[in-house]
Chemist: 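Take a look at this one; I'll ask things after.
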Amino acid sequence: MKNFQPCNEQELLNRARLAAGYSFGEIANYLNIAIPANLNKQKGWVGNLIETFLGANAGSKAERDFANLGIELKTIPVNKQGKPLETTFVSVLPLMANHGVIWETSHVKYKLSKVLWIPIEGERSIPLAQRKVGHPILWTPTEQQEQQLKQDWQELMDMIVLGQIEKITACYGTYLQIRPKAANGKALTEAIGENGQIILTRPRGFYLKKSFTLQILQNANCYI
DNA sequence: GCGTGATCATAC
DNA sequence: GTATGATCACGC
């Protein structure tokens, strides 16, 4: 059972439902994984824990977690009211070679075409080992949600192509935002500058704002 | 450095 | 209390 791998959507969903209600400590013990005192130095620990339990295998490839099923896995920390505590990272931001790219073939649309959301207790007042896994939500964007994302994506990508990357802050975008995504402040990557020249800037990523993920959780009538 | 997994921590 | 900008760990 420890090497579980889902062959189809239903198996994955059943496995995810099985985890619901259990604490991170219980699942980590079952998988023989060490539990850190906190997430300060292992921010992706819970995500990796759930990935392992559900049999995801994409590793660090730019691929969905369950490539054969076309499903992306995302844990989302929530408070006691079931509301998101953090934004959700989607993908790195392509800063170069964006001539002619369109929403339909973008990484954002691809990654978010089908997502298995796993709400997890995220309040820091709860010891990590005691935080529990919530009920899974298998989600595909509604027509309206996709339009919302497409609109933000279009606006932001237009700015990047036009050399406005340094003007973009997390405030841009209604539901999709751009923020730094790097090992530290020294990381640099190429981008288009104001005059069309190549500049070096901090790597960035697309994130879903909490107002967007809140809709997903509420529409699913989620509780933990 | 890039892309995976994200949350931290400080300014507001 | 919370959002933005910064950061942690890992494989390659």
Side-chain angles (χ1 to χ4, degrees), chain A residues 16 19 24 27-28 31 33-67 71-98 106-108 110-112 115-129 131 133-134 152 156 160 165-191 198-214:
Chain A
F24 303 169
I27 294 174
L31 295 171
I33 293 173
I35 308 164
N38 55 55
L39 298 177
N40 294 25
K41 291 204 172 293
Q42 286 178 255
K43 298 178 181 179
W45 185 80
V46 183
N48 294 143
L49 180 76
I50 302 299
E51 273 188 349
T52 303
F53 186 79
L54 296 181
N57 51 21
S60 64
K61 293 195 291 282
E63 180 54 87
R64 286 175 294 206
D65 297 286
F66 299 95
I71 295 175
E72 170 75 8
L73 174 66
K74 293 236 164 274
T75 57
I76 179 163
V78 298
N79 63 15
K80 281 177 183 159
Q81 288 74 243
K83 293 186 177 179
L85 285 167
E86 294 284 349
T87 56
T88 301
F89 172 71
V90 180
S91 70
V92 294
L93 180 61
L95 288 166
M96 298 290 286
N98 283 316
S106 68
H107 289 294
V108 176
Y110 176 74
K111 280 283 188 77
L112 298 181
V115 180
L116 181 63
W117 298 94
I118 311 284
I120 53 171
E121 287 181 338
E123 285 169 334
R124 296 181 206 181
S125 57
I126 308 173
L128 190 59
R131 296 183 204 171
V133 178
D152 284 343
L156 293 164
I160 291 161
I165 180 63
E166 300 292 14
K167 286 198 172 63
I168 299 178
T169 67
C171 302
Y172 283 81
T174 307
Y175 296 106
L176 197 63
Q177 65 178 182
I178 286 175
R179 305 217 310 278
K181 167 68 173 168
N184 53 57
K186 293 171 188 164
L188 292 172
T189 192
E190 290 185 344
I198 293 178
I199 60 168
L200 288 175
T201 189
R202 304 197 321 292
R204 284 141 166 109
F206 281 116
Y207 295 78
L208 294 176
K209 291 189 179 182
K210 293 198 286 186
S211 55
F212 190 82
T213 46
L214 177 63

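Each chain gets a letter, A, B and so on, in the order the sequences are listed, and its residues count up from 1.
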Chemist: A:Asp152 side chain to A:Gly173 main-chain N or O, any donor-acceptor pair under 3.5 Å?
Modeler: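 Flag not set: sc A:Asp152 to bb A:Gly173 has no pair under 3.5 Å.
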Chemist: Does C:dA6 have OP1 or OP2 under 4.0 Å away from a side-chain N or O of A:Arg202?
Modeler: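 True: A:Arg202 side-chain N/O within range (under 4.0 Å) of C:dA6 OP1/OP2.
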Chemist: Judged by each residue's nearest nucleotide on DNA chain C, which is more toward the 5′ side, A:Glu86 or A:Asn184?
Modeler: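 On the 5' side of the pair lies A:Glu86.
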Chemist: Counting the atoms with a prime plus P, OP1 and OP2 as sugar-phosphate, which does A:Thr87 contact under 4.0 Å by heavy atoms, base, sugar-phosphate, or nothing?
Modeler: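 Answer is base: heavy atoms of A:Thr87 come under 4.0 Å of a base.
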Chemist: Assess whether side chain to side chain contact (heavy atoms under 4.5 Å, CB included) is satisfied between A:Leu208 and A:Thr87, documenting all intermediate values.
Modeler: CA-CA 6 Å; A:Leu208 294 176; A:Thr87 56; over 6 Å; no
Chemist: Does A:Lys209 reach a base, just sugar-phosphate, or nothing at all? Heavy atoms under 4.0 Å.
Modeler: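 No contact.
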Chemist: Under 4.0 Å, counting only non-hydrogen atoms across every strand here, what does A:Glu72 touch: a base, just sugar-phosphate, or nothing?
Modeler: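 Touches sugar-phosphate only.
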Chemist: Which sits closer to the 5' end of DNA chain B, A:Lys111 or A:Arg131, going by the nucleotide each is nearest to?
Modeler: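 Going by which nucleotide is closer to the 5' end, it is A:Lys111.
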Chemist: Output the rounded distance in Å from CG (A:Leu208) to P (C:dT4).
Modeler: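 The answer, rounded to whole Å, is 13 Å.
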Chemist: Between C:dA6 atom P and A:Ile178 atom CD1, what is the distance in whole Å?
Modeler: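 Nearest whole value for this atom pair: 15 Å.
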Chemist: I'd like to check A:Ile71 versus A:Arg64 (side-chain heavy atoms, cut-off strictly below 4.5 Å). Are they in contact?
Modeler: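 A:Ile71 does not reach A:Arg64 side chain to side chain.
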Chemist: Mind checking if A:Gly44 touches a base, just sugar-phosphate, or nothing, with heavy atoms under 4.0 Å?
Modeler: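 If one applies the 4.0 Å heavy-atom cut-off, A:Gly44 turns out to touch a base.
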Chemist: Test A:Phe212 against every option in A:Phe206, A:Trp117, A:Tyr207, A:Tyr175 by the ring-ring contact (aromatic ring centres under 6.0 Å, His included) rule and name the one that passes.
Modeler: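 Filter result, single survivor: A:Tyr175.
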Chemist: Taking only side-chain N and O atoms of A:Gln42, does any of them lie within less than 4.0 angstrom of OP1 or OP2 on B:dA6?
Modeler: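 No, no such contact exists.
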Chemist: Please report, rounded to the nearest Å, how far the P atom of B:dG3 is from the CZ atom of A:Arg64.
Modeler: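 Roughly 17 Å, once rounded to whole Å.
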Chemist: To the nearest Å, how far apart are A:Ile126 CD1 and B:dT7 C1'?
Modeler: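 After rounding, the reported distance stands at 15 Å.
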Chemist: According to a strict under-4.0 Å criterion, is A:Lys210 in side-chain N/O contact with OP1 or OP2 of C:dA3?
Modeler: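 The answer is yes; a side-chain N or O of A:Lys210 sits under 4.0 Å from OP1 or OP2.
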Chemist: Scan A:Leu156, A:Ile165, A:Val92 and name whichever one has a side chain to side chain contact (heavy atoms under 4.5 Å, CB included) with A:Arg204.
Modeler: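 Among A:Leu156, A:Ile165, A:Val92, the one meeting side chain to side chain contact (heavy atoms under 4.5 Å, CB included) with A:Arg204 is A:Ile165.
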Chemist: Nearest to the A:Thr189 side chain among C:dG5, B:dT7, B:dG1, which nucleotide is it?
Modeler: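 Taking heavy atoms from C-beta onward, the closest nucleotide is B:dG1.
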Chemist: Where the side chain of A:Val92 is defined as all heavy atoms beyond and including C-beta, which of C:dG5, B:dG5, B:dT4 is the nearest nucleotide?
Modeler: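 So the nucleotide nearest the side chain must be B:dT4.
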Chemist: Is there a donor on the side chain of A:Tyr207 or the base of B:dA6 sitting less than 3.5 Å from an acceptor on the other?
Modeler: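 It does, because a donor-acceptor pair links the side chain of A:Tyr207 to the base of B:dA6 below 3.5 Å.
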Chemist: To the nearest Å, give me how far apart CD (A:Gln177) and C1' (B:dA6) are.
Modeler: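 Nearest whole value for this atom pair: 14 Å.
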Chemist: Which comes earlier along DNA chain C counting from the 5' end, the contact point of A:Cys171 or that of A:Ala183, where each point is its nearest nucleotide?
Modeler: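 That would be A:Cys171.
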Chemist: What is the distance, rounded to the nearest whole Å, between atom CZ of A:Phe89 and atom C1' of B:dT7?
Modeler: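 It is 13 Å, rounded to the nearest whole Å.
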Chemist: Looking at A:Arg179 and A:Glu86, does any basic side-chain N land under 4.0 Å from a carboxylate oxygen?
Modeler: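 Salt bridge between A:Arg179 and A:Glu86, a charged N being under 4.0 Å from a carboxylate O: no.
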Chemist: Give the rounded distance in Å between these two atoms: CG of A:Leu188 and C1' of B:dC2.
Modeler: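 Distance check: A:Leu188 CG to B:dC2 C1' gives 14 Å.
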Chemist: Classify the side chain of A:Lys41 versus the base of B:dT7 as yes if they form a donor-acceptor pair under 3.5 Å and no if they do not.
Modeler: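 For A:Lys41, whose side chain was compared with the base of B:dT7, there is no donor-acceptor pair (under 3.5 Å).
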Chemist: Taking only N and O in the side chain of A:Lys181, is any of them less than 4.0 Å away from OP1 or OP2 of B:dG3?
Modeler: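 It does not, given that no N or O in the side chain of A:Lys181 lies less than 4.0 Å from OP1 or OP2 of B:dG3.
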Chemist: For the side chain of A:Thr169, counting heavy atoms from C-beta on, which of C:dG5, B:dT4, B:dC8 is nearest?
Modeler: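 Selected nucleotide (nearest to the side chain): C:dG5.
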Chemist: Between B:dA9, B:dT7, B:dG3, which nucleotide has the shortest distance from any of its atoms to the side chain of A:Asn40?
Modeler: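 So the side chain of A:Asn40 is nearest to B:dA9.
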Chemist: Is it possible for you to check whether A:Arg131 lies under 6.0 Å from the centre of the six-membered ring of A:Phe24, through NZ or CZ, and within 45° of that ring's axis?
Modeler: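 Relative to the ring axis of A:Phe24, which defines the angle, A:Arg131 lies outside at least one limit.
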Chemist: Taking CZ from A:Phe206 and C1' from B:dG5, how many angstroms apart are they, rounded to a whole number?
Modeler: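 Rounded to the whole Å, the gap is 19 Å.
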Chemist: Ignoring hydrogens and angles, answer whether the base of C:dT7 and the side-chain atoms of A:Lys43 contain a donor-acceptor pair closer than 3.5 Å.
Modeler: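 Side chain to base: pair found, below 3.5 Å.
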Chemist: Record whether the side chain of A:Lys61 comes under 3.5 Å of the base of C:dG11 through a donor-acceptor pair of N or O atoms.
Modeler: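 Side chain to base: no pair present.
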